[in-house]
Amino acid sequence: MFGLSVLNAWDRRLKQPFVVALLALSALGGVACIQVQREPDTVSASDSAHVVVPILVQTQTPSPTATPVPILEPAGPTAVPTPTLTSTPSPTPEPTATATPAALSSAEVFGRISPSVAFIQTSTGTGSGVLIDGGYVVTNAHVVWPFGSVRVVFPDGTEHLAAPVANWDLMADLAVIGPIDSDVSVVRLVDGEDLTVGSDVFLIGYPGEVQEFPQPTITRGIISRTREWDPIQMTYFQTDAAIAGGQSGGVLVSDEGEVIGISGFRFTEAGFGVVASAADLLPLVHGLVRGDDTDNLGRRALPTGQGDTEHDITLQGYWDRRVFVLNEPPGTEVYLTVAGDTDVILAVGDVYGTAMLLADDTSWGKEAASFTTSYNAPTFVVVGHRVEGVADVRLTSNKPLSPLADDEDGKAISVGDVVAGNADYPGDLDYFVLDLEKDQAIQVLVSSALLNPIITIDFVGATENQLIADDNSGGGLFGLDPLITYRAPHTGSYNIVVEAAEATVGGYFLIVGNAPPDAIAFTPPPSDTALPYAPVAEEELTTYTSDDFPFSFKYPAAWTQSPGDPEYGISASFMGPENESAFVTVEDLAEAGLGNMGLDEYKELILTSLVEGIPGFRLLSERDLTNSQGLPVVLLEFTSRESMITWTRLVYLHENSMGVNVTYGLTSSRHEELWDLIDLSLGTFELLEPAGLTAPPDSVVEALTAYVHPDEIYSVSYPTGWVSSGLESDNHPQLPVEAVTFSSPISDGFSAVSVDRLIGWGQRELVDWSSSELGLVERGSTAFRLISWKRVFVDGLLAFEAVQYNSRDGFDFARIELHIIAGDDRYVVRGITEQDIWAEQEPLLSEAVYSFRILRR
């Protein structure tokens, strides 16, 4: 499905829809908010409406029964229509049914009517039509849209290569082609609405045709029932006569050989044909031949001019998008670039509604993409963005693009209106603006014969749980009309968004009325996220702690943290609700051979890389500061010519070798708005252990003796006078371990310091060592209690510290452990003693454990 709704699915702090709009590669179809019981409530129609359309009353039942979805009867890749709506013209005398004395045989019906049934071909599909007086061929609008001329062939071989499309009405799915000069006999459209259910009927047309000069086919069935679509007072015959793609625009014929309808729909599950009554179509046919705007939408033909290769666009809000038409032959390579001061999105689709590309690769203001045209038909280029504010955007292309006007977008409507609207291209999304008072309750219904519409009600600042969307709660001709009863949570403007669940072009009626007194209205709940920015308070921040180096800072609580990208040295990234972004990088300069540099040198190194790596880089400001922890830091503010993003970066250098960068990136307007929040966030940067542990008392230091692994792999200190076990190895196949233990003399009570080196286990995630696993280290434990579990840093390495009590075989003891990964190995460093002397021994044991250092990485 195409439409700028992958902005649906793209997320907008997941403002859920964009449902089939900016590239709606997915739709909100199937989202039924409330089931409806149909009780008419009169709503005054505007002068342009065909008839008064009822507002339906909702019940609380949440999910309506699934209804078979009718589809347009296309021929293979049928043309998708773009209509022009207008009110029904003054009544034209209805044709009089001409009775035939006796029913005709199938062969007689076919012989009488088929010579006048035309095969219609466009560059993207085929369909059927029938020749009437004046040299006009009547067909469905979706057969010929969006073309100005089509190929018409009759069974006798007469061919018209460029028959003009005179006019169309997409509300009724009707079009006339011509006039053409032809010797083919014409037929009359006859009123067949007096035929009873069960009457024999025939469908004649060109279903599934592949030949250049084909002959029509005939199928037989009965009238199964009739359906009424009240908005334009159109009657439809439902028949079990077989119908397939290409039959669109064909004729329904009575057993007396009279054309009583023009076929255009079928139910997908059962294959039943749904045929518009000729009696109701005939006044519209006359109006179209005269050139009338029979559906009140205007001609709305697609632009055919060459257009321009550059377009400056102002997008008015989240639902706004701009559409351009590309008219280039198949196989044309097209290159597109769109740039702006916001997160822009670029999409391309064809006349079938197939998405040819969707570009949303960056969270800032530029997208570039290319594609190759597939059909000798218009292609649609759609530009949108993901924010609710106004944004200026520039679109450039190597081929000319012509803007497509959409009169519905941003149109102001009022309660009591019946508005005729139109999906102008496959995936079109229309939004209307409605002003409401606080607690005002309304009902909104969309009714269409051509579309499976969806409606969404939204307001500026709404979060996902405050949106309401509906697919088919309103009944309608095929049970697919959506309906919402809504109570306004505040006084202000609301967006009423209309789109199609399938990528279809066609007309619809939007009806807005006061909700019936007994209707149950959806009232948006309070926002599920506190306003993220104002007033600025530290409570609005949440803490990020680095896994790479012992520091932390607080970032906005409303932002989402994501994993980093090791390829670019990014440790973590963060995304704000309006697509603001931030990221963290940690650089080991010593490892890169750049150790022993000062902060100024490191800053210059960063600026050089930015100048070389960012086209149009521009430094806005540079400040040398000392933060609240007394750490020297640099704040850089910069932008670029192309990205239109303002970046703020905190730079810190630890012990001349470990570089830390925290960077925020926002559009210029958002940067000014959120500067206080950014400033507060960067001001919380601090080292967790800037200089390791606080120096222990001299008495403790003097009480420790250093131990160095024989191969100088690590070192650890243990209490002087304790006994070493020597280095021991356990060649267990699953867990090779090298261990050393230092035990206290028995007279002093049992205490020990040990180091277990788990060889080759460093590649397993440290997080695997969960608190529950710690309890299994002593497999004979009969009792285990974890006192504390926290993440720490030891000698620049991430570690987990655990303090726990254990009981085994009547012996109660306590211990402090560090679990560390270093290179290919893992280490468990323990200090253990009896519980009743833990308070006395803990300072000494902790100092011994935390003295652990890796000597060779």
Side-chain angles (χ1 to χ4, degrees), residues 15-17 19 28 31-46 49 51-64 230-231 317-319 388 408 410-421 430-448 453-476 479-499 508-528:
K15 210 157 195 185
Q16 191 166 343
V19 208
L28 239 182
V31 177
C33 63
I34 306 175
Q35 190 173 14
V36 171
Q37 117 185 356
R38 283 178 268 173
E39 297 176 9
D41 177 48
T42 304
V43 176
S44 59
S46 64
V51 325
V52 173
V53 182
I55 291 288
L56 305 180
V57 180
Q58 295 175 328
T59 71
Q60 287 183 318
T61 312
S63 295
D230 292 334
Y318 176 76
W319 297 106
E388 291 180 319
E408 281 74 53
K411 183 176 182 178
I413 59 174
S414 302
V415 176
D417 284 351
V418 178
V419 181
D430 296 330
Y431 73 98
F432 302 83
V433 180
L434 176 67
D435 289 336
L436 297 174
E437 299 294 325
K438 186 178 186 299
D439 293 327
Q440 184 176 358
I442 60 170
Q443 276 194 334
V444 182
L445 172 72
V446 176
S447 187
S448 177
I454 297 166
I455 47 176
T456 302
I457 301 180
D458 179 29
F459 57 87
V460 173
T463 54
E464 184 177 355
N465 70 325
Q466 295 176 313
L467 297 179
I468 180 69
D470 186 78
D471 188 1
N472 55 13
S473 295
L480 300 177
D481 291 349
L483 174 102
I484 293 176
T485 303
Y486 186 85
R487 188 179 304 279
H490 59 262
T491 298
S493 296
Y494 293 78
N495 290 320
I496 310 298
V497 184
V498 180
E499 54 192 324
Y508 60 86
F509 289 102
L510 170 64
I511 306 105
V512 182
N514 289 312
D518 58 346
I520 297 177
F522 171 81
T523 303
S527 173
D528 57 3

Give, for atom [atom1] of [X] and atom [atom2] of [Y], the distance between the pair rounded to the nearest 0.5 Å.
X: Ser447; Y: Leu480; atom1: OG; atom2: CG; answer: 10.0 Å
X: Ile454; Y: Asp481; atom1: CD1; atom2: CG; answer: 12.5 Å
X: Leu483; Y: Asp471; atom1: CG; atom2: CG; answer: 12.5 Å
X: Ile511; Y: Ile413; atom1: CD1; atom2: CD1; answer: 10.5 Å
X: Asp458; Y: Asn495; atom1: CG; atom2: CG; answer: 5.5 Å

If the test is side chain to side chain contact (heavy atoms under 4.5 Å, CB included), which one of Ile496, Val419, Leu434, Leu510 qualifies with Lys411?
Val419
Closest heavy-atom pair and its distance - [X], [Y]:
X: Ala519; Y: Thr485; value: CB-CG2, 4.0 Å
X: Ser414; Y: Val512; value: O-CB, 4.2 Å
X: Val415; Y: Gly513; value: CG1-C, 3.8 Å
X: Ile457; Y: Ile484; value: CD1-CG2, 3.8 Å
X: Ala488; Y: Glu437; value: CB-O, 3.4 Å
X: Phe522; Y: Gln466; value: CE2-O, 4.1 Å

Do [X] and [Y] come within less than 4.5 Å of each other through their side chains, counting heavy atoms only?
X: Val444; Y: Tyr486; answer: no
X: Asp435; Y: Ser493; answer: yes
X: Glu499; Y: Thr456; answer: yes

With sequence neighbours left out, write down each residue that passes side-chain contact (heavy atoms from CB on, under 4.5 Å) with Thr523, or none if nothing qualifies.
Arg487
Mind telling me whether Tyr494 and Phe459 have parallel, tilted or perpendicular rings, with 30° and 60° as the class edges?
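Because their plane-to-plane angle is over 60°, the rings of Phe459 and Tyr494 count as perpendicular.
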Only counting residues at least two apart or in another chain, list the ones meeting side-chain hydrogen bond (donor to acceptor under 3.5 Å, both in side chains) with Gln440.
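Listed in chain order: nothing, the list is empty.
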Mind checking side-chain hydrogen bond (donor to acceptor under 3.5 Å, both in side chains) for Asp439 and listing every partner two or more places apart, or none if nothing turns up?
none
Asp430 versus Tyr508, side-chain donor and acceptor atoms under 3.5 Å:
yes
